[in-house]
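Since the structure comes first, as structure tokens, the remarks are kept for the end.
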Amino acid sequence: MEKIRRRWTSNGDVGNIYSTPLALQALLATGDTKRWLKGKINLLNESKQGAFQNPMALSQLLPVLYRKTYLDIGQMDCRSESDELRRVDLEPLEPETSSQPEFVYVSVKEKNLVTTYTARVPLINQMSLLKVLQAASKNDSNFNFKTEQTLWGPFLSSVNHVPGQDDARTYWRLISGAHTLLIEGIQDYLPQPGEHILLQLSSF
């Protein structure tokens, strides 16, 4: 708990917005409602901007917004709850089209910081980073990658036959532009037209 309190920032984050919900649950369990309230307000603002699309992230966020923890939910009797969910049929949206082709730029750097691969990938509507990497792999035999399935979705485990390794304490870091670290996974992150995505083998 002391580590969580040390990492708590004045805007209500603990680490980043995706690690904050679980940390706030811990603070709630110890009665620290002041930090919980500050963090809840910040998470609400982030959720209104569409930050929480990942099912695992939502499962940690929703209890916090209702001043609950996983411990509270474990003691709930859901059999007594009425099922009030209703199906809503929405008209399909027409896909957005652009008169000019749009692209995302993908580069790969290994630990020596030498760029070993770069490509320009067409961006079709709103593609996830996972779809961008799949398109790059399909169009260019010089690029390949592997993922491992986790509760948070696909985790980038290997690029161009170079895996991240726990014993070597290496992993593939996702960077937008020059220095912005991506905190979303490859399935959740939506690159923007003209964006540069760097896959960099890094140490932890």
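Atom set for the values below is all heavy atoms of this structure, side chains included, hydrogens, waters and symmetry mates excluded.
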(message) Between Q200 and Y171, is there a side-chain donor-acceptor contact under 3.5 Å, judged purely by atom types and distance?
(response) no
(message) Using modelled atom types and a 3.5 Å cut-off, is there a donor and acceptor pairing between side-chain atoms of N16 and backbone atoms of S19?
(response) yes
(message) If hydrophobic clusters are built from ILVMFWY residues whose side chains come within less than 4.5 Å, do L182 and V159 share one?
(response) yes
(message) Before you tell me yes or no, could you show the steps for T33 and L37 under side chain to side chain contact (heavy atoms under 4.5 Å, CB included), namely the whole-Å CA-CA distance, both residues' side-chain angles and the distance that decides it to 0.1 Å?
(response) CA-CA 6 Å; T33 56; L37 181 58; over 6 Å; no
(request) State, with a plain yes or no, whether a side-chain heavy atom of L174 is found less than 4.5 Å away from one of I186. (result) yes
(message) Hydrophobic clustering (ILVMFWY, side-chain heavy atoms < 4.5 Å, transitive) - are L156 and I183 grouped together?
(response) no
(request) Could you check if a side-chain atom of I197 sits within less than 4.5 angstrom of a side-chain atom of V132, using non-hydrogen atoms only? (result) no
(message) Determine whether a donor-acceptor pair (N or O, by modelled atom type, separation under 3.5 Å) exists between the side chain of T180 and the backbone of G177.
(response) no
(request) Spell out, as yes or no, whether a donor-acceptor pair under 3.5 Å connects the side chain of T170 to the backbone of Q165. (result) yes
(request) Provide the closest heavy-atom pair for R173 versus S202 in the form atom of the first, atom of the second, distance. (result) CB-OG, 3.5 Å
(request) Examine distances only and state if a side-chain atom of Q192 and a backbone atom of L190 form a donor-acceptor pair shorter than 3.5 Å. (result) yes
(message) With clusters defined by side-chain heavy atoms of hydrophobic residues (ILVMFWY) lying less than 4.5 Å apart, directly or transitively, does L133 cluster with L201?
(response) yes
(message) Please find the pair of heavy atoms, one from L123 and one from P191, that lie closest to each other, and give the distance.
(response) CD2-O, 3.7 Å
(message) For the backbone of V64 and the side chain of W36, can you confirm whether one donor and one acceptor N or O come within less than 3.5 Å of each other?
(response) yes
(message) Would you say that more than 12 heavy atoms from the other residues, nucleotides or ligands in this model lie under 6.0 Å from the CD of Q126, or not?
(response) no
(message) Measuring from atom CG of L28 to atom NZ of K40, what distance do you get when rounded to the nearest 0.5 angstrom?
(response) 9.5 Å
(message) Are the side chains of P154 and L130 in contact, using a 4.5 Å heavy-atom criterion?
(response) yes
(message) Check whether E46 reaches the backbone of L43 with its side chain - one donor and one acceptor, N or O, closer than 3.5 Å.
(response) no
(request) Just say parallel, tilted or perpendicular for the rings of Y105 and H196, cut-offs at 30° and 60°. (result) parallel
(request) Report yes or no: is the cationic atom of R120 (NZ for Lys, CZ for Arg) under 6.0 Å from the centre of the six-membered ring of F103, at an angle within 45° of the ring normal? (result) yes
(request) Tell me, yes or no, whether the heavy-atom count around F204 atom CZ, taken from other residues, nucleotides or ligands under 6.0 Å, exceeds 12. (result) yes
(message) Which residues end up grouped with L181 if you chain together Ile, Leu, Val, Met, Phe, Trp and Tyr wherever their side-chain heavy atoms are less than 4.5 Å apart?
(response) I175, L198
(request) Look only at the side chain of S137 and the backbone of Q134, and say whether a donor-acceptor pair between them is shorter than 3.5 Å. (result) no
(request) Nearest 0.5 Å please: distance from the CG atom of N125 over to the NZ atom of K131. (result) 12.5 Å
(request) Kindly work out whether a path of hydrophobic side-chain contacts (I/L/V/M/F/W/Y, heavy atoms less than 4.5 Å apart) joins L61 to W152. (result) yes
(request) Could you tell me whether the side chain of Y70 reaches within less than 4.5 Å of the side chain of P63, counting heavy atoms only? (result) yes
(message) Is it true that N42 and N11 share a donor-acceptor pair across their side chains at a distance under 3.5 Å?
(response) no
(request) Check M127 against A135 and note the closest heavy-atom contact, atom names and distance. (result) CE-CB, 4.4 Å
Side-chain atoms of residues 108-117: list all donor-acceptor pairs with protein atoms under 3.5 Å, sequence neighbours left out, distances to 0.1 Å.
residue : atom : partner : partner atom : Å
K111    : NZ   : S203    : OG           : 3.0
N112    : OD1  : V114    : N            : 3.0
T116    : OG1  : V108    : O            : 3.4
Y117    : OH   : D140    : OD2          : 3.1

(request) Before accepting this row, confirm whether a basic side-chain N of the pair D32/R5 lies closer than 4.0 Å to the acidic partner's carboxylate O. (result) yes
(request) Compare all side-chain heavy atoms of F52 with those of Y18 and state whether any distance is below 4.5 angstrom. (result) yes
(message) Tell me whether V162 shares a hydrophobic cluster with F145, the cluster being built from Ile, Leu, Val, Met, Phe, Trp, Tyr side chains joined at under 4.5 Å.
(response) yes
(request) Compare all side-chain heavy atoms of V14 with those of R35 and state whether any distance is below 4.5 angstrom. (result) no
